[in-house]
**Q** 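Quick one: structure below, then a few questions.
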Amino acid sequence: MSVVYVSSCKLPTAYAEFTMHGFLDEETGKEHVALTLGDVADGRPVLGRLHSECLTGDALFSLRCDCGPQLAAALQAIAQEGRGILLYLRQEGRGIGLLNKIRAYDLQDQGADTVEANERLGFAADQRDYSICQPMLEHLGVHSLKLMTNNPRKLKAVEGFGVRIDSRVPHQAGLNPFNEKYLATKANKLGHMLGQLHQDEQHADD
Ligand SMILES: Nc1nc2c(ncn2[C@@H]2O[C@H](COP(=O)(O)OP(=O)(O)OP(=O)(O)O)[C@@H](O)[C@H]2O)c(=O)[nH]1
Ligand SMILES: [Zn+2]
């Protein structure tokens, strides 16, 4: 695996003062980071989130997806626990990159769903490779996760590279009228466990 540790620093945030650890994937040139809080190498299961980059949702307040609220909720949950880890993975657009995601959004504006749009562009529905997480978690001494996710593929991938899933923590946040169809497609076509979609979240038009 070509992911190597580079350096760490403090990262004070609105939620907690995290430590940020930088990693470089020498094969792809992608720069990934991990935020940790507390002692994550003490052998106990660690509350964790593997968050895939979404420039539009994480930084530009887009309502097309649920990424921004999920990122905020994960950092908040880790702060509340006083211990945990968030890997921020540079796999924009489920691995197709930002410009192709814009192309995919354009197709969705014309009626395609999120999976059809990827496929029309010649990509798989989800091109992410989570094996990059293994050396990051190994470096930080994390061997067991309480993983905040609704994505069954993510759980499988983590177990596949040898990190124990102690438990899955459902992670729903940010349902709104603009992402309702997108979330329904994720549940129907990608298998996301979003059964509580309408009970957990307040409808904008309720
Ligand atoms: N190609 C494409 N990527 C998208 C789209 N909407 C969001 N993304 C990307 O999807 C990724 C987030 O994936 P999600 O499926 O929301 O979440 P997940 O990580 O698979 O699952 P959870 O852990 O349950 O949140 C980010 O990389 C986003 O940039 C879209 O319509 N098309
Ligand atoms: Zn997003």
Side-chain angles (χ1 to χ4, degrees), residues 25 28 30-34 47-78 84-133 137 145-160 163 165 167-176 178-197 200-201:
D25 185 335
T28 61
K30 296 265 184 193
E31 299 168 320
H32 306 286
V33 296
L47 182 63
R49 168 93 182 138
L50 311 182
H51 188 88
S52 303
E53 177 176 15
C54 176
L55 182 86
T56 45
D58 297 341
L60 300 177
F61 313 102
S62 168
L63 296 176
R64 293 190 76 127
C65 61
D66 54 345
C67 301
Q70 280 190 317
L71 178 60
L75 293 178
Q76 191 168 29
I78 291 167
I85 183 165
L86 179 132
L87 301 192
Y88 193 89
L89 305 165
R90 312 298 297 281
Q91 314 170 302
E92 173 63 67
R94 294 199 298 273
I96 68 174
L98 178 62
L99 299 182
N100 285 321
K101 189 172 83 169
I102 295 173
R103 291 189 177 102
Y105 274 163
D106 183 31
L107 292 174
Q108 289 171 63
D109 289 342
Q110 297 166 48
D113 70 30
T114 185
V115 168
E116 291 163 349
N118 261 36
E119 289 170 350
R120 273 184 218 171
L121 292 169
F123 299 110
D126 190 344
Q127 304 232 139
R128 286 174 289 181
D129 176 4
Y130 293 102
S131 64
I132 51 170
C133 303
L137 295 171
L145 284 170
K146 296 186 277 180
L147 192 62
M148 292 181 267
T149 186
N150 312 307
N151 182 353
R153 285 185 195 204
K154 211 180 265 185
L155 294 163
K156 236 185 178 168
V158 171
E159 283 175 325
V163 168
I165 298 290
S167 55
R168 175 181 86 88
V169 181
H171 196 61
Q172 287 178 218
L175 178 69
N176 72 63
F178 296 97
N179 68 18
E180 212 170 357
K181 185 169 170 262
Y182 163 71
L183 291 174
T185 303
K186 283 203 332 189
N188 295 334
K189 290 196 171 178
L190 297 173
H192 284 63
M193 295 168 270
L194 298 174
Q196 304 290 307
L197 209 57
D200 284 359
E201 300 279 348

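One-based numbering, in listed order, for ligands and for the atoms of each. Index from 1, following the sequence.
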**Q** Using heavy atoms and a threshold below 4.0 Å, how should the contact between Arg49 and ligand 1 be classified: side chain, backbone, both, or neither?
**A** side chain
**Q** What are the atoms of ligand 1, with element, lying closer than 4.0 Å to any heavy atom of Ser52?
**A** 26 (C), 27 (O)
**Q** Should the pair Asp25-Arg90 be classified as a salt bridge under the 4.0 Å nitrogen-to-oxygen rule?
**A** no
**Q** Can you find an N or O of Asp126 that's nearer than 3.5 Å to an N or O of ligand 1?
**A** no
**Q** Tell me the protein heavy atom at minimum distance from atom 32 (N) of ligand 1, and give that distance in Å.
**A** Thr114 OG1, 3.4 Å
**Q** Run the numbers for me: atoms of ligand 1, each under 4.0 Å from some heavy atom of Gln91, listed by number.
**A** 27 (O)
**Q** By number and element, which atoms of ligand 1 are closer than 4.0 Å to a non-hydrogen atom of Gln70?
**A** 25 (O)
**Q** Main chain of Tyr182, side chain of Asn179: is a donor-acceptor contact present, judged purely on distance under 3.5 Å?
**A** no
**Q** Would you say the side-chain atoms of Arg49 pair up with the backbone N or O of Leu86, donor to acceptor, closer than 3.5 Å?
**A** no
**Q** Any idea which of Thr149, Leu71, Leu190, Leu147 brings a heavy atom closest to atom 22 (P) of ligand 1?
**A** Thr149
**Q** At what distance, to the nearest 0.5 angstrom, does NZ of Lys154 lie from CZ of Arg168?
**A** 11.0 Å
**Q** Is there a side-chain contact between Tyr88 and His51, using heavy atoms and a 4.5 Å cut-off?
**A** yes
**Q** To which protein heavy atom is atom 24 (O) of ligand 1 closest, and what is the distance rounded to 0.1 Å?
**A** Asn150 N, 2.7 Å
**Q** Can you tell me if Tyr105 contacts ligand 1 (heavy atom of the residue under 4.0 Å from the ligand)?
**A** yes
**Q** To check you understand the geometry: which heavy-atom pair defines the closest contact between Gln91 and Asp129, and what is its length?
**A** NE2-O, 3.1 Å
**Q** Taking C-beta and beyond as the side chain, do Leu50 and Asn151 meet within less than 4.5 Å on heavy atoms?
**A** no
**Q** How does Leu55 reach ligand 1, if at all, at less than 4.0 Å between non-hydrogen atoms: by side chain, backbone, both, or neither?
**A** neither
**Q** Which residue and atom name correspond to the protein heavy atom nearest atom 7 (C) of ligand 1, and how close is it?
**A** Tyr182 OH, 3.1 Å
**Q** Would you mind running through ligand 1 and noting each atom that sits below 4.0 Å from a heavy atom of Asp66?
**A** 16 (O)
**Q** When you measure from atom 5 (C) of ligand 1 to each heavy atom in Arg90, Glu92, Arg94, which option holds the nearest one?
**A** Arg94
**Q** With heavy atoms of Arg128 as the reference, note each atom of ligand 1 found under 4.0 Å away.
**A** 11 (C), 12 (C), 13 (O), 15 (O), 18 (P), 19 (O), 20 (O)
**Q** Does Asp58 use its side chain to pair, donor to acceptor, with the backbone of Cys54 at less than 3.5 Å?
**A** yes
**Q** Which residue owns the protein heavy atom closest to atom 19 (O) of ligand 1, what's the atom, and how far is it?
**A** Lys154 NZ, 2.6 Å
**Q** Going from CD1 on Ile102 to OG1 on Thr56, what distance comes out if it is rounded to the nearest 0.5 angstrom?
**A** 8.5 Å
**Q** Got the closest protein heavy atom to atom 1 (N) of ligand 1, with its distance?
**A** Asn118 OD1, 2.9 Å
**Q** With a 4.5 Å limit on heavy-atom distance, are the side chains of Glu92 and Leu55 in contact?
**A** yes
**Q** For the side chain of Asp66 and the backbone of Leu175, is there at least one donor-acceptor N/O pair under 3.5 Å apart?
**A** no
**Q** Counting distance only, does the side-chain N/O of Asp113 pair as donor-acceptor with the main-chain N or O of Thr185 below 3.5 Å?
**A** no
**Q** Please check: side-chain N/O of Gln70 versus main-chain N/O of His171, any donor-acceptor pairing under 3.5 Å?
**A** yes
**Q** Please identify which atoms of ligand 1 are closer than 4.0 Å to at least one heavy atom of Lys101.
**A** 3 (N), 4 (C), 29 (O)
**Q** Please verify whether a non-hydrogen atom of Arg153 lies at under 4.0 Å from ligand 1.
**A** no
**Q** I'd like to know if Gln108 contacts ligand 1, where contact means a heavy-atom distance under 4.0 Å to any ligand atom.
**A** yes
**Q** Please write down residue, atom name and distance for the protein heavy atom closest to atom 27 (O) of ligand 1.
**A** Glu53 O, 2.8 Å
**Q** Can you find an N or O of Tyr130 that's nearer than 3.5 Å to an N or O of ligand 1?
**A** no
**Q** Where the side chain of Arg94 meets the backbone of Ala125, is there a donor-acceptor pair that is under 3.5 Å apart?
**A** yes
**Q** Taking both backbone and side-chain atoms of Leu50, is any N or O found less than 3.5 Å from an N or O belonging to ligand 1?
**A** no
**Q** At less than 4.0 angstrom from any non-hydrogen atom of Lys186, what atoms of ligand 1 do you find?
**A** 14 (P), 15 (O), 16 (O), 17 (O)
